[in-house]
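One structure below.
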Amino acid sequence: MADDVLFDHALRLGDDALVMGQRLSEWCGHAPMLEVDLALANIALDLLGQATHFLNLAGEIEGKGRDADALAFHRDVLDFRNCLLVEQPNGDFAQTIARQFLFSNWQELLMREIAAAPEPRLAAIGAKAVKEIAYHAKFASEWVVRLGDGTAESRTRMIAGLEWMWRFVDELFDPMDGAPSRRGEWDARINRTLTEAGLELPKPRRGAMGGRAGHHSEHLGHLLTEMQFLQRAYPGATW
Amino acid sequence: MSAAAELSLKDRIFEILSQVPDPEIPCVSVVDLGIVREVRGQTLVITPTYTGCPATITIEQDIRAALDRGGLSDIRIETTLSPPWTTDWISDEGRERLRAYGIAPPPKGAGKHSVRETTVECPRCGSIHTQEISRFGSTPCKSLHRCLDCREPFDRFKCH
Ligand SMILES: [Zn+2]
């Protein structure tokens with residue numbers, strides 16, 4: 001893989017994990033119960049760890065002296081390459097679970113491929129990440145069933161959460177990373193859990209795209225404002 | 001360097017590091033946990049447990065300080081991700097120390113199928129009549145359980 005292609009690839013993987021982790025960390029101290037608070041914070045931590053490895057690798061490949069911190073805190077919104085799904089607002093708990101369910105199931109399949117890919121540095125991170133993501137996917141899938149097959153209220157909210165997030169699914173399977181091959185297995189996983197939850201697949205709708213090219217929704221800028229505040233106010237601050 | 005001299009250097013390093021406790025679970029050393037992988041020439045190879053483990057930096061600093069104190073400042077520390085750390089690398093002594101500390105150790109060989117359910121034994125009374133409360137616990141490496149016999153809650157080292 002050429003260096004610039006590899007850099008972009010590592011950046012996409014790092015940005016997905018970083019933005020998803022930052023979003024989830026917004027729940028810290030606000031989740032509906034203690035165990036869920038712990039779970040969401042733990043998942044966020046795993047993702048930030050993965051982001052650190054992928055972005056450090058991207059910086060190393062680029063060779064301009066940027067590390068994960070520089071890439072996370074000193075880039076503006078147009079330079080982020082994450083998919084639109086991960087930057088969507090948390091909404092209520094069901095909307096957060098919907099996003100995690102769609103994302104973690106996809107990320108697990110993706111990391112499994114990367115772990116077996118010929119690029120040894122990417123493969124090493126992928127092999128570590130895939131074990132963590134298996135826990136995330138299981139957590140989110142269990143909650144889809146619990147909410148979907150729960151009360152009338154939880155079911156209504158779960159359906160609404162999936163409806164909201166569904167338009168961001170197509171972008172995950174952008175041909176850029178040879179991803180369409182992953183779609184069949186992903187569909188099967190999603191279908192299996194939705195069936196168990198007594199839910200139907202959301203109606204197909206035109207997919208929103210553009211995150212991989214830096215065309216983000218208005219939500220990412222707000223997320224970065226908070227995440228990057230300290231380094232922007234006090235550049236180079238350490239503790 | 002001769003094979004014997006290299007062996008003794010390795011032994012010395014492992015001896016020193018078996019006194020370095022894990023910052024979050026101080027009953028076990030970084031050697032017990034399998035964080036210390038090998039000595040290659042003048043380089044010590046270590047590996048993180050979880051990608052996002054906040055203790056990773058502290059662990060490296062603690063190892064550095066212990067090596068320096070032991071007169072081994074010229075030993076370089078290298079971090080490797082591959083092959084990925086698994087709970088199967090926790091030593092038998094480490095497993096026993098975890099249990100005595102009140103943390104149910106992961107069963108041997110469980111690293112290969114991390115998410116699958118297995119029987120969890122209460123570290124206090126030994127009962128297998130236990131229940132998972134939360135798959136995510138106080139640190140990335142632990143889940144939360146309770147014993148249905150002695151009624152005590154306890155942590156379990158997650159299979160990974
Ligand atoms: Zn007990």
Side-chain angles (χ1 to χ4, degrees), chain A residues 13-14 17-18 20-21 24-25 27-28 31 33-57 68 104 108 111 114-116 119-143 238-239, chain B residues 23-24 34-35 37 45-61 78-90 106 109-118 131-146 153-160:
Chain A
L13 296 169
L18 176 65
M20 184 81 268
L24 283 177
S25 70
W27 274 106
C28 196
M33 54 206 238
L34 184 61
E35 287 78 7
V36 173
D37 209 285
L38 282 171
L40 296 177
N42 266 286
I43 296 173
L45 192 60
D46 286 343
L47 288 163
L48 293 180
Q50 295 163 16
T52 307
H53 286 292
F54 282 123
L55 294 179
N56 272 331
L57 176 60
S104 294
E108 189 182 348
M111 284 305 152
I114 285 175
E119 211 315 300
R121 292 170 296 179
L122 277 182
I125 306 170
K128 270 203 88 58
V130 75
K131 299 206 294 176
E132 300 167 353
I133 300 163
Y135 276 104
H136 309 170
K138 187 148 192 270
F139 168 82
S141 301
E142 283 172 2
W143 272 102
T238 57
W239 61 85
Chain B
E24 280 177 344
I35 292 170
R37 295 293 307 281
V45 182
I46 62 173
T47 193
T49 51
Y50 281 72
T51 56
C53 181
T56 306
I57 295 168
T58 313
I59 289 171
E60 186 171 336
Q61 287 168 345
E78 189 184 296
T79 301
T80 184
L81 294 183
S82 180
W85 178 86
T86 135
T87 41
D88 293 342
W89 294 354
I90 301 176
K112 280 171 215 73
H113 37 80
S114 53
V115 188
R116 204 185 298 167
E117 313 291 333
T118 48
Q131 200 175 44
E132 180 184 89
I133 301 172
S134 173
R135 195 161 304 131
F136 297 87
S138 54
T139 65
C141 59
K142 285 180 285 182
S143 53
L144 198 57
H145 298 252
R146 77 173 139 229
F154 63 90
D155 276 331
R156 179 201 196 195
F157 211 102
K158 264 191 219 173
C159 302
H160 190 74

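Chain letters run A, B, ... following the sequence lines, proteins first, then strands; residues in each count from 1.
Proximity to chain B involves both the backbone and the side chain of A:I125, based on heavy atoms less than 4.5 angstrom apart. When heavy atoms are compared at a cutoff of 4.5 Å, B:T47 does not approach chain A at all. In this structure, the portions of B:P48 lying under 4.5 Å from any heavy atom of chain A include both its backbone and its side chain. Of the two parts of B:T139, only the backbone, made up of N, CA, C and O, holds a non-hydrogen atom closer than 4.5 Å to a non-hydrogen atom of chain A. No part of A:L48 comes within reach of chain B, as not one of its non-hydrogen atoms sits under 4.5 angstrom from that chain.
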Quiz item: Can you check salt bridge (Lys or Arg N to Asp or Glu O under 4.0 Å) on A:K128 and A:E132, steps first, answer last?
Solution: CA-CA 7 Å; A:K128 270 203 88 58; A:E132 300 167 353; 5.5 Å; no
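The residue from A:V36, A:L40, A:I43 that alone fulfils the side-chain contact (heavy atoms from CB on, under 4.5 Å) condition with B:F136 is A:I43.
Heavy-atom pairs under 4.5 Å with chain B were tallied for A:A129, A:A124, A:G21; the largest tally goes to A:A124. For the set B:C53, B:G137, B:S82, the count of heavy-atom pairs under 4.5 angstrom toward chain A peaks at B:G137.
In this structure, B:K142 forms no cation-pi arrangement with B:F157, as its terminal cationic atom is not both closer than 6.0 Å to the ring centre and no more than 45° off the ring axis.
How far CD of B:E78 is from CD of B:E60: 10.5 Å, rounded to the nearest 0.5 Å.
Counting non-hydrogen atoms of other residues, nucleotides and ligands closer than 6.0 Å to CD1 of B:I133 gives a total above 12.
No side-chain N or O of B:D155 forms a donor-acceptor pair with one of B:H145 less than 3.5 Å apart.
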